[in-house]
Amino acid sequence: MDLYELSSLFLNITFFLYLIATAFFGLTLGKNRESNKKSKATKIAMTFTIIGFASQMTSYILRWIQAGHIPVSNMFEYIYFFSMMLILAFVVIYFIYGIPTLGLIALPIAVVIIGYGSMFPQEISPLVPSLQSNWLYIHVTTVALAQAILSISFIAGLLFLIKRVDQSQSSKETTFLELILFGVVSTIAYIILSSSFGAMDYEATFTKELEEQTVDVTYSMPALFQPHDSELVTEGAFNSGIETPGWMQGADAGSKLNTLFLSLAFGGVLYGLLRLILKGRRISALLNEKFDKINPDVVDDIMYRAIAIGFPLFTLGGLIFASIWAQQAWGRFWGWDPKEVWALVTWLFYAVFLHLRLTRGWHGKKSAWLAVVGFAIIMFNLIVINLVIAGLHSYA
């Protein structure tokens with residue numbers, strides 16, 4: 001077994017350790033559970049989390065040794081590093097504030113981010129000339145760390161909303177909160193689907209002409225959407241015959257869209273079943289009761305401090321370091337590339353958040369909703385910009 005295979009093995013171990021830790025964090029919920037049982041469940045959950053982080057770090061270091069450079073040069077490696085920084089940020093926050101419920105959200109997010117990253121090519125390849133710069137490591141690692149810390153603000157904001165949104169009657173707030181929880185259920189659906197089809201070694205390969213050469217696109221789930229202008233070559237594999245739009249860039253755009261659609265569809269089924277089990281009751285109303293030990297003032301403080309730390313880091317990595325590297329690589333500091341534009345949008349949003357918080361007194365629910373929107377902006381950059389829009393950053 002070479003270092004690449006060993007790294008992949010540790011990644012799979014990490015995946016399952018985080019799932020086990022999530023299950024034990026779930027055991028810490030509920031008013032009727034004894035405090036000593038909650039304490040034991042928390043200790044076990046944190047033990048699995050830390051072991052999982054160590055496993056993920058080991059996997060990353062092995063890949064680093066194999067590649068000969070810090071692995072942040074493509075989307076798989078960036079997402080892997082981002083998820084690792086998210087767990088690190090959670091562990092630090094836990095030991096400062098001692099709120100295990102944060103892990104019930106942080107770990108599933110990390111798991112689904114790792115799963116999303118695995119959709120991209122994982123092979124180790126030499127750096128292209130434009131990436132052969134020390135600014136690659138400085139820029140990318142700083143941005144990933146900043147976004148991971150900013151993601152903690154979303155987790156804290158979501159917990160705040162679950163505790164403070166009035167569940168006694170339906171409103172716009174309860175509807176929006178349920179939509180967020182539907183997204184959480186859809187991530188669980190993705191984990192179930194990817195694990196199930198992965199266990200069955202399901203594959204469906206399509207051939208596609210791209211830039212005057214034939215490329216293979218492999219699906220790990222049944223193809224509801226095949227790549228544009230492609231042909232199925234795997235005998236017996238399911239194919240609906242529906243093609244992705246021609247404007248969707250990248251050979252694997254159809255695979256990503258297919259996975260997203262299946263996850264949302266299965267997520268809708270799971271969400272519907274949960275509502276039936278709860279006899280039509282909102283999931284957020286149930287969680288409001290289960291999160292009995294959450295102090296809204298504490299999670300509001302975590303939310304603000306995460307942004308207060310993440311924002312200047314993002315300013316350095318996403319704007320200043322990125323501009324310096326752009327000047328060296330492309331001869332200009334700014335070029336309105338889609339990634340550059342969205343980095344600016346992200347920076348402006350969190351600048352407005354801090355302005356409203358510090359000068360207008362936007363605390364509590366207003367800040368929590370903004371933190372949720374901020375995470376949506378980060379995910380839009382991570383998923384949609386890479387899925388749909390081509391630019392100078394497409395190599396990543």
Side-chain angles (χ1 to χ4, degrees), residues 5 8-9 11-16 18-19 22 74-80 82-83 107-123 179 181-210 214-274 379-380 382-389:
E5 293 174 336
S8 299
L9 174 61
L11 176 58
N12 292 331
I13 292 172
T14 299
F15 190 88
F16 288 106
Y18 286 162
L19 289 179
T22 302
N74 57 44
M75 275 305 297
F76 169 74
E77 293 172 348
Y78 174 81
I79 291 172
Y80 195 10
F82 169 65
S83 66
L107 267 70
I109 290 176
V111 166
V112 77
I113 287 174
I114 292 172
Y116 171 66
S118 67
M119 295 165 53
F120 293 90
Q122 301 180 30
E123 293 78 13
L179 285 174
L181 293 176
F182 169 74
V184 174
V185 173
S186 295
T187 63
I188 296 173
Y190 166 78
I191 294 170
I192 295 173
L193 285 174
S194 60
S195 300
S196 300
F197 285 106
M200 294 185 292
D201 292 325
Y202 182 89
E203 282 190 356
T205 301
F206 295 84
T207 58
K208 175 182 172 65
E209 294 294 328
L210 185 66
T214 302
V215 297
D216 290 338
V217 183
T218 301
Y219 281 45
S220 58
M221 297 184 191
L224 295 180
F225 300 96
Q226 71 180 70
H228 180 73
D229 195 20
S230 64
E231 180 181 351
L232 177 66
V233 296
T234 304
E235 294 184 4
F238 174 81
N239 178 29
S240 68
I242 302 174
E243 295 186 349
T244 55
W247 50 265
M248 294 191 72
Q249 302 291 330
D252 57 349
S255 175
K256 298 174 193 173
L257 177 63
N258 189 70
T259 300
L260 177 63
F261 182 85
L262 285 174
S263 298
L264 290 175
F266 189 41
V269 173
L270 286 182
Y271 180 81
L273 289 174
L274 286 173
M379 289 298 102
F380 185 89
L382 191 64
I383 299 173
V384 178
I385 296 297
N386 290 300
L387 178 65
V388 177
I389 305 174

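- Under the ring-ring contact (aromatic ring centres under 6.0 Å, His included) criterion, Phe206 pairs with Tyr219, sequence neighbours left out.
- Taking both residues in full, the closest heavy atoms of Ala237 and Ala204 are given as CB-CB, 3.7 Å, listed atom of the first, atom of the second, then distance.
- Between Tyr18 and Thr14, the closest side-chain pair of non-hydrogen atoms falls below 4.5 Å.
- Contacts of Phe16 classified as ring-ring contact (aromatic ring centres under 6.0 Å, His included), with partners at least two apart in sequence or in another chain: none.
- In this structure, the side-chain contact (heavy atoms from CB on, under 4.5 Å) partners of Val185, at least two apart in sequence or on a different chain, are Leu270, Tyr271, Leu274, Ile283.
- Evaluation of the side-chain contact (heavy atoms from CB on, under 4.5 Å) rule for Ser220 yields no partner, not counting sequence neighbours.
- Using a 4.5 Å heavy-atom cutoff, the side chains of Pro222 and Tyr202 are in contact.
- Note that OG of Ser83 and CG of Leu107 are 10.5 Å apart. Values are rounded to the nearest 0.5 Å.
- Under the ring-ring contact (aromatic ring centres under 6.0 Å, His included) criterion, Phe225 pairs with Phe261, sequence neighbours left out.
- For the residue pair Ile114 and Leu11, the shortest heavy atom distance occurs at CG2-CD1, 3.8 Å.
- For Thr234 (side chain) and Thr205 (main-chain N/O), a donor-acceptor pair under 3.5 Å exists by modelled atom type.
- In this structure, the separation between CG on Asn74 and CD on Glu123 is 9.0 Å, given to the nearest 0.5 Å.
- Side-chain contact check for Met221 versus Asn258: some heavy-atom pair is nearer than 4.5 Å.
- A donor-acceptor pair under 3.5 Å is formed between the side chain of Thr244 and the backbone N or O of His228.
- Separation of atoms OG1 (Thr218) and CD (Glu203) is listed at 5.5 Å; rounding is to 0.5 Å.
- Considering all non-hydrogen atoms of both residues, Glu243 and Ser230 come closest at OE2-N, 4.0 Å.
- Residues forming a side-chain contact (heavy atoms from CB on, under 4.5 Å) with Thr207 (at least two apart in sequence, or on another chain): Thr214, Asp216, Glu231, Val233.
- In this pair, Tyr80 and Phe76 present their aromatic rings tilted. The plane angle is within the 30 to 60° band.
- For the residue pair Gly241 and Gln226, the shortest heavy atom distance occurs at CA-OE1, 3.7 Å.
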